[in-house]
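So the structure is just underneath, and the comments pick up after that.
Side-chain atoms are counted along with the backbone in the values below, which use heavy atoms only and exclude waters and symmetry mates.
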Amino acid sequence: MSVSVLLGNRVFRAFAMAAGLMGALVACDFGKKETPLPAMPLVALDFNGEVVNRGILPLGFRGDGNVSYGRGLDGAALDLSDSAVFRKPLVLSNTHRTSLVDYPGLTFLLWVKKSPIDYNSYTVAAQMADGDDFDAKGWEIKTEECGSWSWWFSDGVEQTRYKASPERQPLNDGAWHQIGFSIDFNTREVRLYYDGVNRAVYTLPQQELEVFDREIFLGASPLALDPVMEAFNGSLDELSLWSRVLSSDQVAALFAQYRKPVKTMPRRLPDSLTVMTWNLWGGGMREGRFVGPRRMADMIAESGADLVAIQEGFASGPLIADMLDFYYYQRSEGLAVLSRYPLGQTYDVYRPRHAGAVTIELPRQQQVVFCPLYLSYLPNLAPYIMSGNASADSVLLREQESRGAEMRYISWELQALLDRNDRVPVILAGDFNSGSHLDWVEANRSKRHNLVLPFPATQILENSGFSDAYREIFPDPVQEPGFTWSPRFKEVLHDRVNFIFYHGNTVSPTSARIVDQHRLGFPSDHAAVVVVFDWKE
């Protein structure tokens, strides 16, 4: 019997190409060099008429005695649809002594074909366990009632969920789709994939990852009371599990074995880069669970923004990203990035709820490091300042102890990224919850409650070599106050508290504006800041 028959034709070709035996590469069409397929996985199930692991990890199976097969991507597939005779979950057990969490990371990919007329939610794949004292823990990939898919992870205390929209990531269209994720155990970073594209990146708050050593259930939840009743209505094919974090290009290459990539990188570097920062105010849902995010997505699109730092995005972040057909990076529940361009390396800057950084991969090998920011709301010094009895020394002392201290740590941790400013600009954008030392100046004292306040958060950034893009365009704070707090409330301390700073000699701001109006009512308590950067020769 030939080696190709033993391994399965498609799997053998993947292994052979990775080893250079076939001398061919798979094109990913992302404007980069062609990427070879990755080497042997731990698990490779092609369901070509039998349940056999063609990867290198010894596996045991349950539920493989009576299995229904249907038409797959290249041969047969595991059939759990309403036309299958046998509909029950398949369980994969690691019979080797090696713990999966001993690897630096994992990548799990699976092709799914869902019934287009069944709108129930089903578990497609999962590793889960009952929590001893709290909620269930583990990970789960599900189909959603809306027709798309979701990914969930919990350590029994902290939970993270990504839910895609059916407009951009459908599973109910009668076609095969590749879904999956990678997880880096060292950085606790998850990358989520749909049809070969890294749609989202999450920094996990969870600490316990041992659940990855549990059995993998396919087609139903490990916690299902009746696995047959709750079995997935559809087909599964080409499951693979890798003992490392595959690159986005490698996942795209695996996808391209069966389908042409649908989302490609523009080949021309844009003449400019438009950056926005916006606090969405509780997920932007004050105008409605769908209406609010829809209105915000429309306003972002109208602004022409390529990169958006969002604060208080919460569950609306992935939805708005899909509405825009953008990539999504969630640093924490309230801090995220929307990007027109693919997401590269991320950086663990300070605390996840306050700061992060992600490399934005632009055409022609150009990069930008984008840092979303959200400094602490407390202490709220606005009532004290508005009282007319405020002392500048008292205000600055409280600022130094809170937001000033946070910015000192953030700016210090960013220094390693600033060393590359001759090639890669760094743009920092967010809600500082404090004013600017460029606004509360002597010339503006009469309009600032008779106070001159060199706010430390902005001053520390300036001392670190960053420039305030809005003030560079509008240097006079008297004529152009640029208030971002608050377009909805009148009896508050109106101030500029949302900023876009930049560092590097390859970009220059050419225009800036404040967005605080909408014909149907502005949906947030913060205005958005928009800055256009041009490339410098």
Side-chain angles (χ1 to χ4, degrees), residues 269-278 305-311 329 331 335 337-341 343-351 354-362 365-375 403-432 434-439 454-475 482 484 496-512 529-537:
L269 183 68
D271 295 331
S272 62
L273 189 71
T274 302
V275 178
M276 171 188 278
T277 184
W278 199 4
D306 302 301
L307 300 176
V308 186
I310 59 174
Q311 305 83 44
Y329 165 52
R331 174 62 173 161
L335 185 64
V337 167
L338 310 173
S339 173
R340 189 184 303 275
Y341 300 100
L343 307 172
Q345 182 179 356
T346 63
Y347 304 92
D348 188 22
V349 177
Y350 194 47
R351 298 168 180 164
H354 291 311
V358 58
T359 301
I360 307 300
E361 302 289 351
L362 300 170
Q365 311 300 310
Q366 180 67 48
Q367 293 180 325
V368 168
V369 173
F370 192 48
C371 308
L373 203 72
Y374 190 22
L375 301 185
R403 292 170 280 267
E406 291 168 357
M407 188 61 81
R408 281 195 297 274
Y409 282 109
I410 292 168
S411 63
W412 179 78
E413 293 188 17
L414 286 175
Q415 291 305 307
L417 303 181
L418 304 185
D419 292 340
R420 302 183 301 164
N421 75 83
D422 58 330
R423 296 184 295 111
V424 181
V426 178
I427 299 175
L428 185 149
D431 180 359
F432 287 25
S434 76
S436 169
H437 71 289
L438 298 177
D439 298 351
F455 281 95
T458 55
Q459 198 162 48
I460 289 168
L461 269 185
E462 184 179 275
N463 293 340
S464 298
F466 282 89
S467 299
D468 182 336
Y470 186 85
R471 274 289 162 254
E472 192 166 314
I473 299 297
F474 301 109
T484 60
R496 189 169 68 105
V497 300
N498 303 79
F499 302 92
I500 297 175
F501 280 76
Y502 76 99
H503 187 290
N505 55 20
T506 57
V507 294
S508 177
T510 57
S511 67
V529 183
V530 180
V531 174
V532 178
F533 292 91
D534 280 358
W535 307 110
K536 295 170 66 176
E537 293 296 333

Self-check item: Exercise: identify the closest heavy-atom pair between V337 and P372
Solution: CG2-CG, 3.7 Å
Quiz prompt | Smallest separation among heavy atoms of Y502 and V507, with atom names | solution = CE1-O, 3.7 Å
Quiz item: S464 side chain to S411 main-chain N or O, any donor-acceptor pair under 3.5 Å?
Solution: no
Exercise. Answer whether the closest heavy-atom distance between the side chains of I360 and I427 falls below 4.5 Å.
Key: no
Quiz prompt | Sequence-distant partners of F466, ring-ring contact (aromatic ring centres under 6.0 Å, His included), two or more places apart | solution = H503
Self-check item: Results of salt bridge (charged side-chain N to carboxylate O under 4.0 Å, His left out) for D348 - residues two or more places apart only
Solution: R331
Exercise. Please identify each residue that fulfils side-chain contact (heavy atoms from CB on, under 4.5 Å) with T346, with sequence neighbours left out.
Key: E189, R191, V201, Y329, V358
Quiz item: Does the T274 side chain pair with the main chain of A305, one donor and one acceptor, at a distance under 3.5 Å?
Solution: no
Quiz item: Is any side-chain heavy atom of D431 closer than 4.5 Å to a side-chain heavy atom of V497?
Solution: yes
Quiz item: Quick one: NE2 on H354 to CG on L335, what's the gap to the nearest 0.5 Å?
Solution: 10.0 Å
Quiz item: Once the angle between the rings of F501 and F499 is folded into 0 to 90°, is it parallel (under 30°), tilted (30 to 60°) or perpendicular (over 60°)?
Solution: tilted
Exercise. Could you pull out the closest heavy-atom pair between A469 and F533, with the gap in Å?
Key: CB-CZ, 4.0 Å
Quiz item: Does T277 reach the side chain of T484, with side-chain heavy atoms less than 4.5 Å apart?
Solution: no
Quiz item: Sub-3.5 Å donor-acceptor pair from the side chain of Q367 to the main-chain atoms of T359, do we have one?
Solution: no
Quiz prompt | Any side-chain heavy-atom pair of M407 and L373 under 4.5 Å | solution = yes
Quiz item: Among all residues two or more places apart in sequence or in another chain, which pass the salt bridge (charged side-chain N to carboxylate O under 4.0 Å, His left out) test with D468?
Solution: R496
Practice problem: Answer yes or no: does atom CZ of F474 have more than 12 heavy-atom neighbours from other residues, nucleotides or ligands under 6.0 Å? | Solution: yes
Exercise. Answer whether the closest heavy-atom distance between the side chains of Y350 and E406 falls below 4.5 Å.
Key: yes
Self-check item: Residue that, paired with V368, satisfies side-chain contact (heavy atoms from CB on, under 4.5 Å) out of L273, V275, V424
Solution: L273
Quiz prompt | Expected output: side-chain W535 to main-chain P270 donor-acceptor under 3.5 Å | solution = yes
Quiz item: Of all heavy-atom pairs between V530 and M276, which one has the smallest distance, and what is that distance?
Solution: CG2-CE, 3.6 Å
Quiz item: Which atom pair, heavy atoms only, marks the closest approach of D306 to S272?
Solution: OD2-O, 4.0 Å
Exercise. Mind listing the closest non-hydrogen atom pair of G482 and Y470 along with its distance?
Key: CA-OH, 3.4 Å
Quiz prompt | Residues which pass side-chain contact (heavy atoms from CB on, under 4.5 Å) with P454, listed by chain and number, not counting sequence neighbours | solution = L396, H437, Q459
Quiz item: side-chain contact (heavy atoms from CB on, under 4.5 Å) with I473: which residues, sequence neighbours excluded?
Solution: P509, A512
Exercise. Under the side chain to side chain contact (heavy atoms under 4.5 Å, CB included) rule, what do L338 and I310 come out as? Steps first, then yes or no, please.
Key: CA-CA 8 Å; L338 310 173; I310 59 174; 4.2 Å; yes
